[in-house]
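Here is the structure we will look at.
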Amino acid sequence: MKVEGGFTKVNKQKLVDQVLIQLQSIIQSEKYEIGDKLPSEAELMKLLNVGRSTVREAIKILVYSGSLEVKQGDGTYIRSTAFSEESLEMNLQHADEQDLNEVIQILDIQISGLAAERRTESDLRRIKQHLENRNHFLKEEKYDQYLKSDLQFHQAVCQATHNSVLIEMYDSICRLLLQMLPALILDTRDYYKENTLVHKKLYTAIEDQNVKEAIKWAKVNIKLRNSLKV
């Protein structure tokens, strides 16, 4: 159902995913130009029929894509009307660690649930292959190859969402993380062996198309990762 400003109320499922798509579409439409102010957070909640946290998560992701800019105490403004992979990566490179970690967590949870819902047999084969690779390299203590395979596993999960916006965002984040490999190897040594079972459980949930379990294990992985941060 269309409502004011070209927005459409969304269903309760896949909220962040749907809000991202709608905001991106509105930003690129003729209704808005660079420098225009979006409706307030409260207005977006009403227009889209979603909660405050969903609006905030979607806006935060689009801020790091370079599409939006939040001015504290003023509102959210359109910074770019075209999604730019280059501008996203530039924003990510200048983001502080906490902000970047929050965006990764939001995406990991969202893509895990969507992957469980939408995965194909081809998606499963790709995810399983990267899971086997990461486990093999871990046993061999080849940590650089392990981390690359781990990122490829999560990218394969993201590809199973079949959402081009999420895939492009996640690929940009993974490219940045690859540049940080030496630091990641040192910072996450104690995390390696602890999270193998978690990743197997995540894969099984996606294979079984169990959305709740996929989200659960994505959250467990995040909690474990955060608990072992130096």
Side-chain angles (χ1 to χ4, degrees), residues 14-28 34 38 54-70 76-115 118-119 123 126-127 129-131 133-134 144-185 187-188 199 202 206 214-215 218-219 221-222 225-226 229:
K14 308 186 294 288
L15 294 182
V16 175
D17 184 28
Q18 293 187 55
V19 171
L20 274 171
I21 292 171
Q22 284 212 55
L23 287 175
Q24 190 70 27
S25 176
I26 289 295
I27 289 168
Q28 294 176 328
I34 294 175
L38 287 183
T54 301
V55 170
R56 287 182 176 177
E57 287 177 9
I59 287 177
K60 179 172 286 190
I61 291 171
L62 289 174
V63 165
Y64 283 104
S65 77
S67 296
L68 298 178
E69 178 182 6
V70 175
T76 303
Y77 290 83
I78 295 176
R79 184 176 177 182
S80 172
T81 56
F83 182 79
S84 169
E85 182 178 300
E86 182 178 351
S87 66
L88 170 57
E89 293 189 13
M90 288 178 63
N91 276 280
L92 290 171
Q93 288 171 1
H94 291 93
D96 64 47
E97 185 177 351
Q98 181 178 344
D99 283 354
L100 180 58
N101 190 44
E102 286 179 359
V103 172
I104 293 172
Q105 290 179 24
I106 291 168
L107 290 176
D108 277 343
I109 293 169
Q110 185 69 13
I111 67 175
S112 297
L114 289 174
R118 302 175 179 177
R119 94 323 180 253
D123 292 327
R126 184 165 53 248
I127 295 169
Q129 183 60 61
H130 291 306
L131 177 63
N133 289 343
R134 73 185 292 284
D144 57 339
Q145 292 171 285
Y146 159 80
L147 281 171
K148 289 177 182 178
S149 296
D150 183 67
L151 289 175
Q152 289 170 339
F153 168 83
H154 289 287
Q155 283 179 290
V157 172
C158 188
Q159 289 165 7
T161 69
H162 300 278
N163 181 307
S164 60
V165 176
L166 285 174
I167 292 169
E168 193 164 6
M169 287 180 178
Y170 205 79
D171 283 351
S172 293
I173 289 174
C174 287
R175 279 191 290 272
L176 175 61
L177 292 177
L178 279 173
Q179 297 172 23
M180 300 162 59
L181 269 182
L184 289 173
I185 291 172
D187 287 347
T188 59
H199 281 68
L202 175 57
I206 293 172
I215 291 173
K219 289 180 177 179
N221 188 48
I222 289 168
R225 188 167 62 213
N226 288 341
K229 273 187 170 293

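Nothing fancy with the numbering, it's 1 onward along the sequence.
D171 and Q155 share a donor-acceptor pair across their side chains, judged by distance under 3.5 Å alone.
The nearest pair of heavy atoms linking A218 to S112 is CB-OG, 3.4 Å. For V157 against A115, the heavy-atom pair with the smallest separation is O-CB, 3.4 Å. The shortest heavy-atom contact between I27 and S67 is CD1-CB, 4.2 Å. Residues Q24 and L62 approach most closely at OE1-CD2, 3.2 Å, considering heavy atoms. The two residues A160 and I127 have their closest heavy-atom pair at CB-CD1, 4.3 Å. Contact record, L20 with M169: CD2-CE, 4.4 Å, taken as the closest heavy-atom pair.
The CG atom of D144 lies 8.0 Å from the CG atom of L147; values are rounded to the nearest 0.5 Å. Interatomic distance, Q159 CD to I111 CD1, rounded to the nearest 0.5 Å: 10.0 Å. A distance of 15.5 Å separates NZ of K148 from CZ of R134, quoted to the nearest 0.5 Å. Note: I106 CD1 to E57 CD = 4.5 Å, rounded to the nearest 0.5 Å. In this structure, CD1 in I215 is found 10.5 Å from CG in L202, a value given to the nearest 0.5 Å. In this structure, CG in L23 is found 7.0 Å from CG in L68, a value given to the nearest 0.5 Å.
Applying the side-chain contact (heavy atoms from CB on, under 4.5 Å) rule to I21 yields the partners D17, N163; only residues at least two apart in sequence or on another chain are considered. Remark: E69 pairs with no residue by the side chain to side chain donor-acceptor pair (under 3.5 Å) rule, at least two apart or across chains. Remark: L107 engages I61, V103, L166, Y170, I173 in a side-chain contact (heavy atoms from CB on, under 4.5 Å) (not counting sequence neighbours).
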As a quick check of understanding, evaluate side-chain contact (heavy atoms from CB on, under 4.5 Å) for H162 and D123, giving each step before the final call. CA-CA 10 Å; H162 300 278; D123 292 327; 2.7 Å; yes
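The closest side-chain heavy-atom distance from H199 to D150 is below 4.5 Å.
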